[in-house]
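One structure is given here, and the rest of the page talks about it.
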Amino acid sequence: MNILVDENIPMAEAFFSRFGSVVTFAGRGLSPEALVDTDVLIVRSVTRVNAALLAKATKLRFVGSCTIGSDHLDIEYLESRSINWCTAPGSNADSVVDYVVCSLCAVDDYMARLLGGGRLGIIGYGNVGRRLAERVSGLGIGCVAYDPLIDAQSDPRLVGIDEVLHCDVLCLHAPLTRTGPFPSYHLLSLEQLLRLPKGALLLNAGRGEVVATGVLLELAALRPDIQLVLDVWEGEPVVSAELAARCAIATPHIAGYSLDGKFKGAAMVAEALANVLGVSEEQSWPSEVAAALTAPQVSVQDCGEPWQAAALSAYNPKEDHQRFLASLGADDPGGAFDALRKHYPPRRELSRCEFVFDGAVDKAQLNVLSALQGHR
Ligand SMILES: NC(=O)C1=CN([C@@H]2O[C@H](COP(=O)(O)OP(=O)(O)OC[C@H]3O[C@@H](n4cnc5c(N)ncnc54)[C@H](O)[C@@H]3O)[C@@H](O)[C@H]2O)C=CC1
Ligand SMILES: O=C(O)C(=O)[C@H](O)COP(=O)(O)O
């Protein structure tokens with residue numbers, strides 16, 4: 001069995017070598033010729049899997065993407081050729097939620113503002129949106145969500161789009177869709193975004209194409225009071241440097257990039273492949289993967305409230321922001337975007353971190369930290 005795996009899927013050998021021989025490829029450089037003898041193709045979001053790529057892949061039985069998003073897969077085409085496929089739903093959703101809460105701790109006093117009675121709105125109430133709602137609700141923060149594909153009666157948080165546009169923080173977690181009754185492509189207009197309250201924060205960790213770059217640039221020009229936190233961009237890997245410069249936090253599509261999330265993605269795809277091939281599922285994770293996932297001890301650096309200092313000691317998105325802004329001056333910014341993602345420093349989910357403080361910390365502060373981590 002010939003298995004082609006994206007070179008940036010960590011520990012791919014550990015997950016997939018039990019099914020056959022594993023050969024790696026560069027995600028954006030895969031050619032139809034490379035697939036002539038391939039039985040199994042394991043990709044990330046950067047490989048467009050469509051009729052053109054698979055034109056010579058006559059042996060292909062399975063395509064797995066170690067990602068939540070599926071907009072890079074031509075699912076209709078795969079099904080027309082009876083090629084099994086899967087993604088990894090929810091695999092890195094907690095990492096994206098960590099990115100959101102850490103960004104809110106890192107930019108001005110947004111988290112404190114929400115804790116003081118502000119409201120957070122979510123567009124796209126799926127795995128990420130729901131887990132974000134649960135996380136902030138655990139902190140006592142009011143939260144509403146817009147998702148036209150879910151029955152509005154099924155959850156009291158669901159509201160119309162006008163209501164989410166009145167929130168102090170608006171988080172976009174919709175997938176990229178161009179067809180169907182509610183396509184998300186260029187979903188939000190300038191007119192809608194101008195309705196955000198004074199000093200609001202707009203965060204996009206879904207897909208860049210959900211809001212046009214031109215709309216965000218106009219918004220930044222007309223409403224400098226609004227803070228932008230953008231992890232995803234139209235036209236990745238080449239992104240608007242002008243827009244990045246207007247952001248409080250700009251990052252190269254790494255919101256989901258915890259080690260835990262990446263491993264969960266690979267494990268889910270390996271499990272789906274085992275099912276398709278009719279071989280038994282692994283009862284435990286490969287030992288080298290389990291070894292890499294021991295709980296990290298995080299020494300809390302003194303900055304602000306203890307809960308804030310702890311969250312930012314575990315993960316501070318401003319460090320990603322600095323690296324990203326520096327990369328935009330490179331001769332090849334698209335290559336630099338991919339390089340930042342390829343060499344991303346190991347990050348762990350907040351829920352796995354054990355915090356070590358310098359002195360005693362008040363119980364109330366520890367409770368806020370525990371809720372920030374997503375412990376119930
Ligand atoms: N920045 C990053 O690193 C990451 C980005 N993502 C992106 O986030 C997206 C969402 O992830 P999940 O919540 O796990 O996916 P999901 O599939 O569980 O949920 C997506 C939700 O969005 C809703 N939706 C679809 N079209 C919509 C529209 N026009 N308006 C409002 N809501 C709409 C769906 O009904 C669904 O409930 C992924 O599809 C992916 O594109 C996911 C992981 C990491
Ligand atoms: O899971 C998704 O959907 C994402 O957007 C991923 O976090 C992107 O990961 P890679 O495709 O870069 O592995």
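In each ligand, atom 1 is the first atom listed, and ligand 1 is the first ligand listed. No experiment lies behind these values; they were computed from the predicted model shown.
Considering backbone and side-chain N/O of Tyr257, one or more are found under 3.5 Å from N/O of ligand 2. The shortest N/O to N/O separation between Ala205 and ligand 1 falls below 3.5 Å. An N or O contact shorter than 3.5 Å links Asp147 to ligand 1 by distance. Close N/O approach between Val128 and ligand 1 is found [any backbone or side-chain N/O within under 3.5 Å].
Residue Gly256 has at least one heavy-atom neighbour below 4.0 Å for each of these atoms of ligand 1: 2 (C), 3 (O). The distance from ligand 1 to the heavy atoms of Ile123 drops below 4.0 Å at these ligand atoms: 31 (C). Annotation for ligand 2: atoms under 4.0 Å from non-hydrogen atoms of Gly69 are 1 (O), 2 (C), 3 (O). Within the listing of ligand 2, atoms 1 (O), 7 (O) sit less than 4.0 angstrom from a heavy atom of Asn92. For ligand 1 and Phe182, the ligand atoms under 4.0 Å from any heavy atom of the residue are 26 (N), 28 (C), 29 (N). Each of the following atoms of ligand 2 lies closer than 4.0 Å to a heavy atom of Arg207: 2 (C), 3 (O), 4 (C), 5 (O). Taking every non-hydrogen atom of Arg341 and a distance limit under 4.0 Å, the qualifying atoms of ligand 2 come out as 8 (C), 9 (O), 10 (P), 12 (O). For ligand 1, the atoms closer than 4.0 angstrom to any heavy atom of His253 are 1 (N), 2 (C), 3 (O). The atoms of ligand 1 that sit less than 4.0 Å from any heavy atom of Ala255 are 1 (N), 2 (C), 3 (O). In the vicinity of Val232, heavy-atom distances shorter than 4.0 Å reach the ligand 1 atoms 1 (N).
Protein heavy atoms all stay at least 4.0 Å away from atom 17 (O) of ligand 1.
Atom 11 (O) of ligand 2 has Ser45 OG, 2.5 Å as its closest protein atom, hydrogens excluded (heavy atom only). Looking only at heavy atoms of the protein, atom 1 (O) of ligand 2 is closest to Ile68 N, 2.7 Å. Atom 13 (O) of ligand 2 has as its closest protein heavy atom Arg44 NE, 2.9 Å. Atom 32 (N) of ligand 1 has as its closest protein heavy atom Gly124 CA, 3.5 Å. Looking only at protein heavy atoms, the nearest one to atom 4 (C) of ligand 2 is His253 NE2, 3.6 Å. Among protein heavy atoms, the minimum distance from atom 40 (C) of ligand 1 is reached at Arg207 NH1, 3.5 Å.
Using cut-offs of 30° and 60° on the angle between ring planes, the pair Phe263 and Phe15 is tilted.
Heavy-atom separations between Gly206 and ligand 1 include at least one value shorter than 4.0 Å.
In summary, Glu163 and Arg119 engage in a salt bridge, as defined by a charged side-chain N under 4.0 Å from a carboxylate O.
You'll find the side chain of Arg130 stays beyond 4.5 Å of the side chain of Arg157, heavy atoms only.
Contact annotation for Thr67 and ligand 1: no heavy atom of the residue comes within less than 4.0 Å of the ligand. Looking at Ala93 against ligand 1, nothing comes within 4.0 Å, counting heavy atoms.
Residues Ser258 and Arg352 bring no donor and acceptor atom of their side chains to less than 3.5 Å of each other. In this structure, a donor-acceptor pair under 3.5 Å is present between the side chains of Tyr125 and Asp155. In this model, no donor atom of one side chain and acceptor atom of the other lie less than 3.5 Å apart for Tyr257 and Arg347.
The shortest heavy-atom contact between Gln301 and Ser313 is N-OG, 2.9 Å. When all heavy atoms of Asp6 and Gly27 are compared, the closest pair comes out as OD2-CA, 3.2 Å.
Within 6.0 Å of CG on Asp151 lie more than 12 heavy atoms contributed by other residues, nucleotides or ligands.
Closest heavy-atom approach to atom 42 (C) of ligand 1 within the set Ile68, Asn204, Leu176: this belongs to Ile68.
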